[in-house]
*Asks:* 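Below is the structure I would like to discuss, written out as structure tokens.
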Amino acid sequence: MPAKSLDEIVSLCKRRGFIFPGSEIYGGLQGTFDYGPLGVELKNNLKKLWWRHNVYERDDMEGIETALLTNRYVLRYSGHEKEFTDPLIDNRNNKKRYRFDHLLRDQKPDVLVNIALAFGLPADADEETLAIALLKEPARAEAALKAAKVVDPTDGKPGDWTEPRTFNLMFKTQVGPVADDESFAYLRPETAQGMFVNFKNVLDSTNRKLPFGIAQIGKSFRNEITPRNFLFRVRELEQMEIEYFVKPGEDERVHDEWIADHVDWWVNEVGLSREKLKLHEHPKDKLSHYSKRTVDILYDFPTLGFDELEGIANRTDWDLGSHSRDQANLPLSDNTRTRAMKNEHSVEKLTYFDHETNKHIVPFVVEPAAGVDRGVLAALCEAYDEETLENGETRVVLRLKPALAPIKVAVLPLKKNNAEIVATAKRIKGLLQAKGDMRTVYDDTAGIGKLYRRQDEAGTPFCVTVDFDTLGQGKGGDTSLKDTVTVRERDSMAQERVAIDRLPEYIRDRIG
RNA sequence: GCGGGAGUAGCUUAAUGGUAAAGCCCCUGCCUUCCAAGCAGGUGACGAGGGUUCGAUUCCCUUCUCCCGCUCCA
């Protein structure tokens with residue numbers, strides 16, 4: 001039986017050491033989580049699989065890792081300084097909160113005219129212009145909204161409005177010893193910008209031709225208004241992102257290819273069921289400022305229902321164009337040309353010289369961006385199983401793909417009060433861990449049945465048990481099984497007898 | 001940020017204005033020849049701060065965290 005609720009997963013994560021609340025002994029810090037001994041292994045394994053699929057097994061990808069602290073100009077010209085800010089306002093009468101610009105948009109025209117005139121703006125100023133002007137003088141704004149009788153869209157009555165204020169979703173931090181208004185940097189809200197600002201560096205150092213991509217795995221930070229739902233909405237998150245650069249015109253085909261490829265990756269390598277995945281096409285009017293088309297891959301989480309695992313966006317030439325100097329002389333798409341801010345700080349033109357046409361072009365970008373933490377959660381939800389055994393008892397077993405399993409092998413002595421069995425088990429543990437690529441544990445703190453169940457809950461695919469037969473002391477003096485052990489498989493609980501010297505190979509063949 | 005609900009051991013629950021109890025888990029020892037056995041022992045909790053009180057886990061206030069609903073959501 002799969003997990004009935006997310007709480008069952010949360011409970012298992014805490015109990016077995018996958019995931020803990022961040023800063024827990026000081027009461028926690030909302031929107032942060034710490035990965036425990038099993039969690040870090042699972043997460044590392046997921047990232048390893050992703051990197052292998054998207055970098056090593058392709059001919060057109062490079063990896064990078066860029067700084068988390070980001071020059072504010074990067075986020076200014078990317079559009080985040082403006083677009084990643086939500087202006088908010090509350091109605092004291094009914095405790096409703098609105099996005100300030102959306103509230104203005106929903107007013108009758110004469111209301112907006114009155115506000116505009118009160119602020120000395122042209123009568124036909126649009127709601128974005130108004131919002132920006134009013135946010136600069138919140139106290140005057142509050143008075144003007146009252147005077148103009150701005151109504152609440154929920155009840156249609158004039159509201160008792162608070163001062164409008166901005167809520168920026170980017171974290172700022174002080175850089176250097178002098179605390180003035182200019183000496184700050186942003187913690188990056190997405191890893192993507194690191195790939196864009198290094199576009200030339202990668203191109204120049206690798207001699208890549210279009211199409212090619214840059215991959216990065218790393219932390220991003222978003223000051224979410226309301227972190228919720230366990231790993232789902234967090235303030236510190238890890239992303240696995242690709243920026244795939246193509247000639248304009250190839251972008252739509254390549255976009256579809258990445259969507260199909262990544263759905264297959266979640267299914268084949270992470271082990272998610274295809275029927276629990278679905279695609280979500282973003283409506284045109286809800287697209288981000290940089291996107292021409294965005295398709296999300298959703299997973300059917302317990303309690304939450306379908307929610308986003310990965311977003312695959314066609315970012316057009318927005319980013320490379322926005323970060324380039326001398327934009328007026330670049331061949332940009334209409335959206336980027338008209339909406340991107342004039343760049344007065346970049347010293348680079350992020351273009352590509354196309355030898356076929358002998359022209360500089362600004363590549364289009366297709367961006368598959370997946371959440372590592374959400375991937376971990378999906379893998380756990382998919383793998384969780386409460387199984388009723390033949391004897392009527394239940395066991396909790398994590399049916400993780402062996403490649404994802406935090407522990408690959410547990411070596412267990414059938415009896416811990418037999419020195420020779422214990423010594424042999426410890427020797428086998430050493431033999432397996434010497435290979436260096438599989439987490440191996442030894443445990444003798446309970447009876448054999450309980451040891452198996454513990455490993456089931458951790459998702460360990462194989463248990464190796466050392467018994468009297470291993471020592472050549474089988475029942476009735478049977479020595480035929482000397483130097484063999486029992487390998488017990490997690491999902492079926494079936495056992496197989498394997499020679500010790502074949503064991504590393506046997507296990508490796510089965511963990512992928 | 002608003003409204004509602006909840007915070008007692010790793011987990012699930014109990015009681016109490018006066019030494020906080022139990023089961024499971026965990027640890028140690030004995031026992032145990034393959035799926036959470038048994039016996040004996042042991043560690044471990046009132047989210048934090050303040051107030052009322054002789055005395056607060058209990059009553060009050062504040063705060064933090066979590067859950068539900070709004071709101072928000074690249």
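Fair warning: this is a prediction, and the values are worked out from it, not measured in the lab. In what follows, chains are A, B, ... by sequence order, proteins preceding strands, each numbered from 1.
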*Asks:* Can you tell me the Watson-Crick or wobble partner of B:C66, both distances under 3.5 angstrom?
*Replies:* B:G5

*Asks:* Could you tell me whether A:Trp266 and A:His262 have their ring centroids closer than 6.0 angstrom?
*Replies:* no

*Asks:* What's the CZ-P distance between A:Phe20 and B:C11, to the nearest Å?
*Replies:* 11 Å

*Asks:* My understanding is that a pair needs two contacts under 3.5 Å, Watson-Crick or G-U wobble. By that rule, which nucleotide pairs with B:C72?
*Replies:* none

*Asks:* Using purine N1 to pyrimidine N3 plus N6-O4 or O6-N4 for Watson-Crick, or N1-O2 and O6-N3 for G-U wobble, each under 3.5 Å, what pairs with B:G10?
*Replies:* B:C24

*Asks:* Please confirm whether the ring centroid of A:Phe230 lies under 6.0 Å from the ring centroid of A:Phe232.
*Replies:* no

*Asks:* Taking the six-membered ring of A:Phe184 as reference, does the cationic atom of A:Lys172 (NZ for Lys, CZ for Arg) lie under 6.0 Å from its centre and within 45° of its axis?
*Replies:* yes

*Asks:* Can you measure A:His280 atom NE2 to B:C73 atom P for me and round it to whole angstrom units?
*Replies:* 13 Å

*Asks:* Taking only the P atom of each, what is the distance from B:A56 to B:G17 in whole angstrom?
*Replies:* 14 Å

*Asks:* I want to confirm an ordering. Mapping A:Glu308 and A:Phe230 to their closest nucleotides on RNA chain B, which one lands closer to the 5' end?
*Replies:* A:Phe230

*Asks:* Considering only atom P, compute the distance from B:G47 to B:U12 and round it to an integer number of Å.
*Replies:* 14 Å

*Asks:* With rounding to the closest Å, how many angstrom separate the C1' atoms on B:U19 and B:G10?
*Replies:* 25 Å

*Asks:* A:Glu243 CD to B:A74 P: how many Å, rounded?
*Replies:* 17 Å

*Asks:* For nucleotides 30-36 of chain B, just jot down a letter per nucleotide in 5' to 3' order: B, S or -, based on protein non-hydrogen atoms under 4.0 Å.
*Replies:* --BBBBB

*Asks:* Under 3.5 Å, is there any donor-acceptor pair linking the side chain of A:His80 to the base of B:A74?
*Replies:* yes

*Asks:* If you measure from the C1' atom in B:U43 to the same atom in B:C27, how many Å do you get, rounded?
*Replies:* 7 Å

*Asks:* Report the base-pairing partner of B:U57 (Watson-Crick or G-U wobble, both distances below 3.5 angstrom), or none.
*Replies:* none

*Asks:* With rounding to the closest Å, how many angstrom separate the C1' atoms on B:A22 and B:C46?
*Replies:* 16 Å

*Asks:* Could you check whether A:Tyr186 and A:Phe171 have their ring centres less than 6.0 Å apart?
*Replies:* no

*Asks:* To the nearest angstrom, how far is A:Asp443 atom CG from B:C26 atom P?
*Replies:* 9 Å

*Asks:* Write down the distance between CD (A:Glu8) and P (B:U12), rounded to a whole number of angstrom.
*Replies:* 12 Å

*Asks:* Below the 4.0 Å mark, does B:C27 have OP1 or OP2 next to a side-chain nitrogen or oxygen of A:Thr445?
*Replies:* yes

*Asks:* Report yes if the side chains of A:Thr465 and A:Val411 come closer than 4.5 Å at any heavy-atom pair, otherwise no.
*Replies:* no

*Asks:* Rounded to whole Å, please give me the gap between CG in A:Asn229 and P in B:C67.
*Replies:* 7 Å

*Asks:* Would you tell me whether A:Thr70 and A:Arg188 have side-chain atoms, one donor and one acceptor, within less than 3.5 Å of each other?
*Replies:* no

*Asks:* Could you give the distance separating B:A14 and B:G29 at their C1' atoms, to the nearest angstrom?
*Replies:* 31 Å

*Asks:* With a 4.0 Å cutoff (strictly under), does any side-chain N or O of A:Gln30 reach OP1 or OP2 of B:C64?
*Replies:* no

*Asks:* Is a donor from one side chain sitting under 3.5 angstrom from an acceptor on the other, for A:Glu241 and A:Thr191?
*Replies:* yes

*Asks:* Using atom P in both nucleotides, what's the gap between B:G55 and B:G3 to the nearest angstrom?
*Replies:* 34 Å

*Asks:* Calculate the interatomic distance between A:Arg222 atom CZ and B:C72 atom P; express it in whole Å.
*Replies:* 18 Å

*Asks:* Say whether A:Arg235 and A:Ser220, considering side chains only, have a donor N or O and an acceptor N or O under 3.5 Å apart.
*Replies:* no

*Asks:* Taking the side chain as C-beta and beyond, is there a heavy-atom pair between A:Cys13 and A:Ile9 under 4.5 Å?
*Replies:* yes

*Asks:* Tell me which nucleotide, if any, is Watson-Crick or G-U wobble paired with B:U43 when both distances must be under 3.5 Å.
*Replies:* none

*Asks:* If each of A:Arg15 and A:Ile25 is mapped to the nucleotide of RNA chain B with the nearest heavy atom, which maps nearer the 5' terminus, i.e. the 5' end?
*Replies:* A:Arg15

*Asks:* Distance check, C1' atoms only: B:A9 and B:G4, in whole angstrom units.
*Replies:* 29 Å

*Asks:* Can you check the A:Leu169 CG to B:G1 C1' distance for me, whole Å?
*Replies:* 14 Å

